[in-house]
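This report refers to the structure that appears directly beneath it.
Just the heavy atoms: all of them, side chains too, but no hydrogens, waters or symmetry mates, feed the values below. Count residues from 1 along the sequence.
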Amino acid sequence: MTIDAYDAIRHDVLGRIERRRLRPEGDLDEVKLEVEQAIEGYQQRARLGDGLPLVSPSTIADRILRSITDLGPLTDLVARRDVEEIFIEGGRVSYLDGTGRLRGLTVPTTEDENRQLVERLLGATERQLNTKHPMVQARVLDGTARLTAAIPPVGDCLSATLRRYVVRNVTLDDL
């Protein structure tokens with residue numbers, strides 16, 4: 001599966017949700033149904049020669065559902081206690097693990113998907129990321145993290161850092 005097929009299906013699902021005025025966080029069963037129908041439609045078009053069929057439709061369905069109803073590829077990273085910082089540059093996501101090593105996310109993402117995740121994180125705040133406000137800082141995730149994000153013309157592409165507040169027991173010897 002290419003990222004293009006994933007994007008096409010994801011955009012189709014987002015359009016369906018918007019047309020039906022569904023709330024992704026509240027109408028989960030209806031959103032799941034829209035995901036299944038969009039994937040089935042894609043598979044039918046692929047069987048007719050319009051693209052390649054998906055190898056694992058259930059994997060794509062899970063990925064799209066997480067992208068729309070949760071934090072998508074960031075969900076697992078945010079849940080991990082050893083991840084202190086997450087960096088987003090366009091469609092690339094990397095993070096610092098507990099050992100201080102910079103690692104890349106193994107799940108592919110797109111800049112559009114990452115932008116929607118940043119906007120979802122900002123949704124609980126009064127901040128917005130748009131052309132009028134191309135740079136934003138806010139406390140997110142119930143005050144447990146700080147998000148700093150910028151979009152063009154401030155940067156070349158979406159650039160965001162999600163830094164979690166971590167409490168450490170530091171002794172005088174550690175210093």
Side-chain angles (χ1 to χ4, degrees), residues 3 6-7 10-11 13-14 17-18 21-32 34-35 59-175:
I3 196 78
Y6 169 78
D7 258 351
R10 188 171 160 277
H11 283 288
V13 171
L14 289 171
I17 289 171
E18 188 174 318
R21 294 187 175 116
L22 297 175
R23 295 171 311 129
E25 63 282 349
D27 302 322
L28 190 58
D29 291 336
E30 294 296 317
V31 171
K32 283 181 184 177
E34 292 298 339
V35 170
T59 302
I60 299 302
D62 291 341
R63 208 172 131 206
I64 290 172
L65 193 61
R66 285 178 69 178
S67 172
I68 293 172
T69 61
D70 206 351
L71 294 176
L74 300 183
T75 305
D76 293 336
L77 291 179
V78 170
R80 288 177 49 184
R81 288 285 159 222
D82 67 324
V83 174
E84 293 182 26
E85 285 187 87
I86 301 171
F87 307 101
I88 300 170
E89 282 294 322
R92 191 178 64 221
V93 177
S94 53
Y95 62 95
L96 285 176
D97 66 8
T99 63
R101 292 186 148 195
L102 184 64
R103 304 206 181 262
L105 190 65
T106 57
V107 178
T109 62
T110 64
E111 183 172 358
D112 182 48
E113 182 178 17
N114 290 338
R115 171 81 183 263
Q116 288 179 350
L117 296 175
V118 168
E119 289 174 2
R120 188 170 300 130
L121 286 167
L122 289 171
T125 70
E126 295 179 6
R127 310 288 170 112
Q128 294 180 356
L129 186 62
N130 52 35
T131 53
K132 187 175 179 184
H133 302 100
M135 202 167 170
V136 67
Q137 287 189 347
R139 283 182 163 222
V140 295
L141 300 173
D142 297 324
T144 63
R146 180 148 204 81
L147 175 69
T148 304
I151 57 172
V154 174
D156 295 332
C157 59
L158 170 68
S159 178
T161 303
L162 182 65
R163 181 171 293 143
R164 297 174 65 99
Y165 299 121
V166 179
V167 178
R168 292 190 181 127
N169 290 331
V170 179
T171 65
L172 192 54
D173 291 335
D174 292 335
L175 296 174

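Electrostatic pairing of E119 and R115 counts as a salt bridge here, judged by a charged N lying under 4.0 Å from a carboxylate O. With respect to R164 and E84, no salt bridge is recorded, no charged nitrogen being found less than 4.0 Å from a carboxylate O.
Within 6.0 Å of CG in D156 there are 12 or fewer heavy atoms belonging to other residues, nucleotides or ligands. Within 6.0 Å of CZ on R163 lie no more than 12 heavy atoms contributed by other residues, nucleotides or ligands. Atom CZ of R66 has more than 12 neighbouring heavy atoms from other residues, nucleotides or ligands inside a 6.0 Å radius.
With sequence neighbours excluded, no residue forms a side chain to side chain donor-acceptor pair (under 3.5 Å) with T131. T59 pairs by the side chain to side chain donor-acceptor pair (under 3.5 Å) definition with S56, not counting sequence neighbours.
The only member of L65, D70, I64 that meets side-chain contact (heavy atoms from CB on, under 4.5 Å) when paired with I68 is I64.
You'll find the side chain of R80 reaches within 4.5 Å of the side chain of D97, heavy atoms only. Within the 4.5 Å cutoff, the side chain of S67 has no heavy atoms near those of the T109 side chain. Side-chain contact between E18 and L14 is absent, with no heavy atoms from C-beta onward closer than 4.5 Å. No side-chain heavy atom of V107 sits less than 4.5 Å from a side-chain heavy atom of V93. In this structure the side chain of C157 never reaches within 4.5 angstrom of the side chain of R92, judged on heavy atoms. The shortest side-chain heavy-atom distance between L96 and F87 falls under the 4.5 Å cut-off. N114 has its side chain out of reach of V118: every pair of non-hydrogen atoms, C-beta onward, lies at least 4.5 Å apart. Proximity of L74 to I88: side-chain heavy atoms (C-beta onward) are separated by under 4.5 Å at one or more points.
Pairs engaging residues 125-154 under the salt bridge (charged side-chain N to carboxylate O under 4.0 Å, His left out) rule: none recorded [sequence neighbours left out].
Here the OG1 atom belonging to T69 is positioned 13.0 Å from the CZ atom belonging to R23, to the nearest 0.5 angstrom. Rounding to the nearest 0.5 Å places CD of E113 at 11.5 Å from CG of L158. In this structure, CG on D27 lies 9.0 Å from CD1 on I17, to the nearest 0.5 angstrom. Between atom CG of residue L141 and atom CG of residue L162 there is a gap of 5.5 Å, rounded to the nearest 0.5 Å.
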**OP:** Step by step, work out the side chain to side chain contact (heavy atoms under 4.5 Å, CB included) result for L147 and T125.
**Re:** CA-CA 11 Å; L147 175 69; T125 70; over 6 Å; no
Original post:
How far apart are the C-alpha atoms of D76 and V83, what are their side-chain angles, what is the distance that settles it, and do they pass the side chain to side chain contact (heavy atoms under 4.5 Å, CB included) test?
Top reply: CA-CA 10 Å; D76 293 336; V83 174; over 6 Å; no
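The two residues L129 and P134 have their closest heavy-atom pair at CD1-O, 3.6 Å.
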